[in-house]
Number of protein chains: 2
Amino acid sequence: MRRISIVTEKPKLEDVAKLAGVSPTTVSRVLNNRGAISDKTRRRVNNAIEQLNYHPNEIARSLFVSKTHFIGLIFPTTGHPFYGELVFQIESILSDKNYKVLICNTMDQAEKENKYLNMLLANQVDGMIVGAHNIGIETYQRAHLPIVAIDRKVSDTITVVSSDNYQGGRMAAEELLRQGRTKIIHINSVMQREALSSYQRRKGYEDVMTEHGLPFKTYTMDLPFDTEVKKQILSSILDKHPDLDGMFLGDDITAAIALSMVRKREKDIFIVGYDGTETITTCLPELTTIVQPIRSMAQLAVDLLLKEINDDFNDIKKNYVLPVTLKRGE
Amino acid sequence: MRRISIVTEKPKLEDVAKLAGVSPTTVSRVLNNRGAISDKTRRRVNNAIEQLNYHPNEIARSLFVSKTHFIGLIFPTTGHPFYGELVFQIESILSDKNYKVLICNTMDQAEKENKYLNMLLANQVDGMIVGAHNIGIETYQRAHLPIVAIDRKVSDTITVVSSDNYQGGRMAAEELLRQGRTKIIHINSVMQREALSSYQRRKGYEDVMTEHGLPFKTYTMDLPFDTEVKKQILSSILDKHPDLDGMFLGDDITAAIALSMVRKREKDIFIVGYDGTETITTCLPELTTIVQPIRSMAQLAVDLLLKEINDDFNDIKKNYVLPVTLKRGE
DNA sequence: ATGAAAGCGCTAACAG
DNA sequence: CTGTTAGCGCTTTCAT
């Protein structure tokens, strides 16, 4: 079967120029508000643009100016509320500043992270915000590109934005003590393996326990995105500690699983989670959790990134730590 | 303050060619595995590529071949678990096929949706998947671009993928009846205003009620992303119906809010939600809900989109409806 | 106030 | 098997 294609080719700047009876240069000037143009020709050009329903080709423009206004985002998965909300905030703020976002979900796989990094470089992104942590920071540095890391290990070669994980760990432990608990364990997931965010939280928890002369125990889970595995591990941990009365979980999803498991077993174990996303605090208001300031983290990360992009000679990398808050369960 | 820039410029294909002592064409051929190349030169070229740490500029390539391998995704917000998970799935599948994803969060604002649409067109995306519904479908059609809509109104000018919202509504109502409930209301949010997905769900619910000779009542909420407003509305609805024993909510987040509200009031109201995301079924396993097949929807949407992209003359638009399932609360 | 010409980095005829 | 040439759609000196 054949069909006669009536599809008019996408008009280009040259077509506009011809229709308006001017040079391409003039059209470009009208489009970018550059130089001086007589009102007459401006009108003629704008008419032609409208008649042809012309839209400038940003890709061609990007090639010429060697700036794409693309920002790459590398995160474990938007399917997790913390990253889903963080990515949403980052994208919203960037969009307001006329940047466009390429999204990459690594699922904590180093191989994917590497592939995405190369893809972003090949596509000439102006910068990246990275919340995945499965390949070394050096790999990113080789890119010689403005980069802001979220929750990555403190570094003086890259800008890092994080929330106060050490205080978060302390606050969680202190709240558990305040609730009269003493036999408290901590479970963190490997999701933030190299981030050290989980290390800091753990340290906060362990320090508080030590300061109060109490024993502590930290478990680390290996398959953070698989609910069934999480359940099994949690279950065996509960079996191993029949006298437990407090738990500090590294994230709210795991905390939620623990919560319903504890309820099912009719145990009196007080649970504190971590992240405090909109989703979880809305759906599970009874959960006590440490709230990360997602919105501020997004804002700061974007501000710093854009500053790096625009100030060529700024290579002072800093670590920014934002405060966390405790949200008591209802 | 001045600084001497030691930054070596990004190498280009020409640099590789010079270093390898061959023509740019040859380098291009090595990169794209096209034509016949002697092993000797291939090695020389590859060496040069490595020495210079050369990475091809995809933007330049895109311009030439007039294909970007960019896909635009327009959704309300990745901060909502349903869209967060859907976007994750879509991006993962597309990434496997070497497509890159530009993400757009409209927050249900028509103005943003329009801006994003134009941005995507200007950036020469090869296609789009649209789950936002605040501007008319005609606006999208004007783009003359492969597009797949998710949960949009049935249409014969655009491919639509959705789950079986009518059956979903029926299943929710039937489950409530099975639970011995008879005074059942339905609340849907305006989030899917024009999608008609919410209309279908409502119809399913109302049909079942009618078939059983029972009265029905449907409320529509106007500010779907604001938890506080939702609470107030839900609260006043509960006040208005003191004898209520069943509720069917248009999404799980709202259902979760209703659930904790009902618990607080110590009412015996059976609640059925909608969406069945990983996040919610994990965090709130006690919630009964209608599960949309997110993964299959993503897969189908991508398959159809890529087919449209690759088969130029295929303009048979179809509507694909995927089955939903009931997940009983634990 | 406007235009001609060159080129961003790449690829695809076409030639040899 | 390899190179020369032209050009994707745009912007920007440099003229006039």
Side-chain angles (χ1 to χ4, degrees), chain A residues 8-49 52-70 118-126, chain B residues 8-49 52-70 118-126:
Chain A
T8 37
E9 285 307 314
K10 219 180 278 180
K12 43 174 110 173
L13 187 138
E14 200 191 324
D15 301 324
V16 176
K18 270 181 192 148
L19 182 59
V22 297
S23 78
T25 316
T26 303
V27 178
S28 172
R29 281 200 267 255
V30 171
L31 285 171
N32 300 294
N33 266 319
R34 243 187 272 299
I37 306 256
S38 77
D39 275 9
K40 210 182 303 174
T41 49
R42 183 186 305 278
R43 232 163 321 172
R44 278 234 303 269
V45 169
N46 281 326
N47 275 344
I49 287 175
L52 295 175
N53 188 29
Y54 168 75
H55 289 272
N57 182 331
E58 275 290 319
I59 296 298
R61 186 169 198 289
S62 292
L63 179 58
F64 189 88
V65 302
S66 41
K67 272 206 171 293
T68 55
H69 269 62
F70 286 137
N118 289 327
M119 180 277 274
L120 293 175
L121 293 177
N123 285 279
Q124 315 300 115
V125 294
D126 290 350
Chain B
T8 37
E9 285 307 315
K10 218 179 281 180
K12 43 173 109 172
L13 188 139
E14 201 191 325
D15 301 324
V16 176
K18 270 180 193 149
L19 182 58
V22 297
S23 78
T25 314
T26 303
V27 178
S28 172
R29 281 200 267 255
V30 170
L31 286 169
N32 300 294
N33 266 320
R34 244 188 271 301
I37 306 257
S38 76
D39 275 9
K40 210 182 302 175
T41 49
R42 183 188 304 277
R43 232 164 321 176
R44 279 233 302 269
V45 169
N46 281 326
N47 275 343
I49 287 176
L52 295 174
N53 188 27
Y54 168 74
H55 289 271
N57 183 330
E58 274 291 320
I59 296 299
R61 186 169 198 290
S62 293
L63 179 57
F64 188 87
V65 302
S66 43
K67 273 208 170 293
T68 55
H69 268 61
F70 286 137
N118 289 327
M119 179 277 274
L120 292 176
L121 293 177
N123 285 279
Q124 316 298 118
V125 294
D126 291 349

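Letters go in sequence order (proteins before strands), and every chain restarts at 1.
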Original post:
Starting at the 5' end of DNA chain D and moving along, which residue's nearest nucleotide shows up first, Val22(B) or Leu13(A)?
Top reply: Val22(B)
Original post:
Quick one: are Leu31(A) and Tyr54(A) in side-chain contact, heavy atoms under 4.5 Å?
Top reply: yes
**OP:** Report the distance from atom NZ of Lys10(A) to atom P of dC10(D), rounded to the nearest whole Å.
**Re:** 10 Å
Original post:
Considering heavy-atom distances to DNA chain D, does Leu63(B) or Arg42(B) have its closest nucleotide positioned more toward the 5' end?
Top reply: Arg42(B)
Original post:
Can you check the Lys67(A) NZ to dT12(D) C1' distance for me, whole Å?
Top reply: 17 Å
**OP:** Provide, to the nearest angstrom, the distance between the CG atom belonging to Leu31(A) and the P atom belonging to dC10(D).
**Re:** 8 Å
**OP:** Output the single nucleotide from dT12(D), dG9(C), dA4(C) whose closest atom is nearest the side chain of Ala60(B).
**Re:** dG9(C)
Original post:
Would a 4.5 Å heavy-atom cut-off, applied to side chains only, mark Ser28(A) and Thr25(A) as touching?
Top reply: no
**OP:** Quick one: label Thr26(B) by what it contacts on the DNA or RNA (base, sugar-phosphate, nothing), any heavy atom closer than 4.0 Å.
**Re:** sugar-phosphate
Original post:
When the distance from CZ of Arg29(A) to C1' of dC14(D) is rounded to whole Å, what number comes out?
Top reply: 11 Å
Original post:
Contacts to DNA chain C from residues 32-41 of chain B, heavy-atom cutoff under 4.0 Å, which residues?
Top reply: Asn32(B), Arg34(B)
Subject >> Rounded distance in Å - CD1 (Ile59(B)) to C1' (dG7(C)) >> reply: 17 Å
**OP:** Kindly indicate, with the supporting measurements, whether the criterion side chain to side chain contact (heavy atoms under 4.5 Å, CB included) is fulfilled by Asn32(B) and Arg61(B).
**Re:** CA-CA 11 Å; Asn32(B) 300 294; Arg61(B) 186 169 198 290; 3.7 Å; yes
Subject >> Polar side-chain atom of Asn123(B) near backbone of Val125(B) as donor-acceptor pair, under 3.5 Å >> reply: no
Original post:
Do Asn57(B) and Gln124(A) come close enough that some side-chain heavy atom pair is under 4.5 Å?
Top reply: yes
**OP:** Compare all side-chain heavy atoms of Val22(B) with those of Val30(B) and state whether any distance is below 4.5 angstrom.
**Re:** no
**OP:** Tell whether Thr25(A) reaches the base of dT11(D) with its side chain through a donor-acceptor pair below 3.5 angstrom.
**Re:** no
**OP:** Write down the distance between NE2 (His69(A)) and P (dT11(D)), rounded to a whole number of angstrom.
**Re:** 13 Å
**OP:** Report the distance from atom CD of Glu14(A) to atom P of dC10(D), rounded to the nearest whole Å.
**Re:** 9 Å
Original post:
What is the distance from CZ of Phe64(A) to P of dA5(C), rounded to the nearest Å?
Top reply: 16 Å
Original post:
Is the phosphate of dG9(D), meaning OP1 or OP2, less than 4.0 Å from a side-chain N or O of Tyr54(A)?
Top reply: no
Subject >> Side chain to side chain, Asn33(A) and Arg42(A), heavy atoms closer than 4.5 Å >> reply: yes
